[in-house]
Amino acid sequence: MELLNDMALFIEVANVLSFRRAADATGVPNSTLSRRISALEKAIGLRLLHRTTRRVELTEAGQLYYERCRRIVDEARIAHEQLGEMLAQPSGILRASLPVDFATVYLAPLIADFSRRYPGISFDFDLTPRRVDLVSEPFDVAIRMGELPDSTLIARQLARLSVQVYASPRYLEMSGEPAAPSDLAKHECLGFSKAGKWKLHRGAETVEVDVGGRFHVNSVGMFRRLATLDLGIIMLPEEIVADDIAAGRLRRILRDWEGIETPVYALTETRLLPAKTQRFIEFLQEHLSNKSHRPNP
């Protein structure tokens, strides 16, 4: 990089054949210019400029070096300008892996605004619960909800979603309404197959309840639908069940209690991200923090 910088300074001097005018144009002091050009000549082993007290001229070697290097410096400058434009207005295909329910509930209402803000970006979304391999598969980012296993991937927290307990009015008529978290042990509780315990808190008080039921599925949308069909109790972020609450299909129970907040992460293979991916993550952090109890950096 230092060689390229010195090359660019030489081009500036050669363009105007004056150290003083090149110093004015670049903002580099005259003495520094002279020292850097001398170091460049020493590295090359040839004199590039013939200096007198009255003028500066290109030597034969300097003329050849100028003709070759001018194109290199111009290409480097254009590359920097284009990268700057990409940062300001990123483009390309953004390939993201997202949980189905997150994409449907949280991302779909936001993506229109993001796509208008960055018209140069097109999208390839893979909606899947599986944990994709960001090293071997062509994804720029994966969004995941819940605690993460140990991994070499870079995780950026987007939000922490508050979680409450819900059931359908008909289920509560048939089975009774839990008055305390411990009552959940007597009810059909719907959730993921590994969710054998639910942890709830009320202020500083925390309880853990063993829960069970006949239905264990790996889809939030599925057990939410089962709850609306009067088959059990669910614990989910409010946003996911908002339509069912508004329509009267579900209502919140144990209103003094909340589940442990669900973290949402953006996973990438590296910290060095293209502008399209960086802007997408920043956009989600900005908008999802509004759905958190507190914003996350």
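If you're wondering where the values come from, they're calculated on a predicted model, not measured in any experiment.
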State, with a plain yes or no, whether a side-chain heavy atom of V163 is found less than 4.5 Å away from one of E258.
-> no
Hphob cluster co-occupancy, Y118 + L98, side-chain heavy atoms under 4.5 angstrom | yes
How about I143 and V264: do any of their side-chain heavy atoms sit closer than 4.5 Å?
-> yes
May I ask you to test the E208-T206 pair for a side-chain heavy-atom distance under 4.5 Å?
-> no
L236/T262 under side-chain contact (heavy atoms from CB on, under 4.5 Å): CA gap, chis, key distance, verdict = CA-CA 9 Å; L236 285 173; T262 298; over 6 Å; no
Judged by atom type as modelled, is there a donor-acceptor pair below 3.5 Å linking the side chain of T32 to the main-chain atoms of V28?
-> no
For the pair F215 and F223, evaluate ring-ring contact (aromatic ring centres under 6.0 Å, His included) and give the outcome as yes or no after the intermediate values.
-> CA-CA 8 Å; F215 299 96; F223 63 72; over 10 Å; no
Donor on one side chain, acceptor on other, R225 and T228, under 3.5 Å = yes
Transitively linked via ILVMFWY side-chain contacts under 4.5 Å: L64 with I11?
-> no
Taking the side chain as C-beta and beyond, is there a heavy-atom pair between E188 and R214 under 4.5 Å?
-> yes
Please step through side chain to side chain donor-acceptor pair (under 3.5 Å) for the pair D230 and S168, ending with a clear verdict.
-> CA-CA 6 Å; D230 315 320; S168 71; 2.7 Å; yes
Would E57 and L17 satisfy side-chain contact (heavy atoms from CB on, under 4.5 Å), going step by step from the backbone distance to the final call?
-> CA-CA 6 Å; E57 294 179 336; L17 294 178; 5.6 Å; no
All heavy atoms of R51 vs all of R47, minimum pair found to be NH1-NH1, 3.3 Å
Step by step, would you call T268 with R156 a side-chain contact (heavy atoms from CB on, under 4.5 Å)?
-> CA-CA 8 Å; T268 58; R156 297 167 176 82; 2.8 Å; yes
Do the charged groups of D113 and R117 touch, with an N to O distance under 4.0 Å?
-> yes
Do the ring planes of F125 and F123 sit parallel (below 30°), tilted (30 to 60°) or perpendicular (above 60°)?
-> tilted
Could you please spell out the steps behind the side-chain contact (heavy atoms from CB on, under 4.5 Å) verdict for D6 and I37?
-> CA-CA 7 Å; D6 289 347; I37 299 301; over 6 Å; no
Would V241 end up clustered with V217 when hydrophobic side chains under 4.5 Å apart are linked, directly or stepwise?
-> yes
Please tell me if the side chains of Y265 and L158 come closer than 4.5 Å, counting only heavy atoms from C-beta onward.
-> no
Partner set under side-chain contact (heavy atoms from CB on, under 4.5 Å) for Q63, not counting sequence neighbours = L58, Y66, E67
Is the shortest distance from a Lys or Arg side-chain nitrogen in E75 or R68 to a carboxylate oxygen in the other one below 4.0 Å?
-> no
Hydrophobic cluster identity match, I154 and L288, side-chain contacts under 4.5 Å = no
Hey, are R95 and D126 close enough for a salt bridge, meaning a charged N less than 4.0 Å from a carboxylate O?
-> no
CD of E60: more than 12 outside heavy atoms within 6.0 angstrom?
-> no
Pair F114 + F280: ring centers closer than 6.0 Å = yes
Validation row: E238, Y166 side chains within 4.5 angstrom (heavy atoms) = yes
Student check: side-chain heavy atoms of L184 and L200 closer than 4.5 Å = yes
Does atom CG of D243 have more than 12 heavy-atom neighbours from other groups under 6.0 Å away?
-> no
Please confirm whether H187 and Y171 have ring centers closer than 6.0 angstrom.
-> yes
Please tell me if the side chains of I121 and I93 come closer than 4.5 Å, counting only heavy atoms from C-beta onward.
-> no
Report yes or no: do S97 and R144 form a side-chain donor-acceptor pair below 3.5 Å?
-> yes
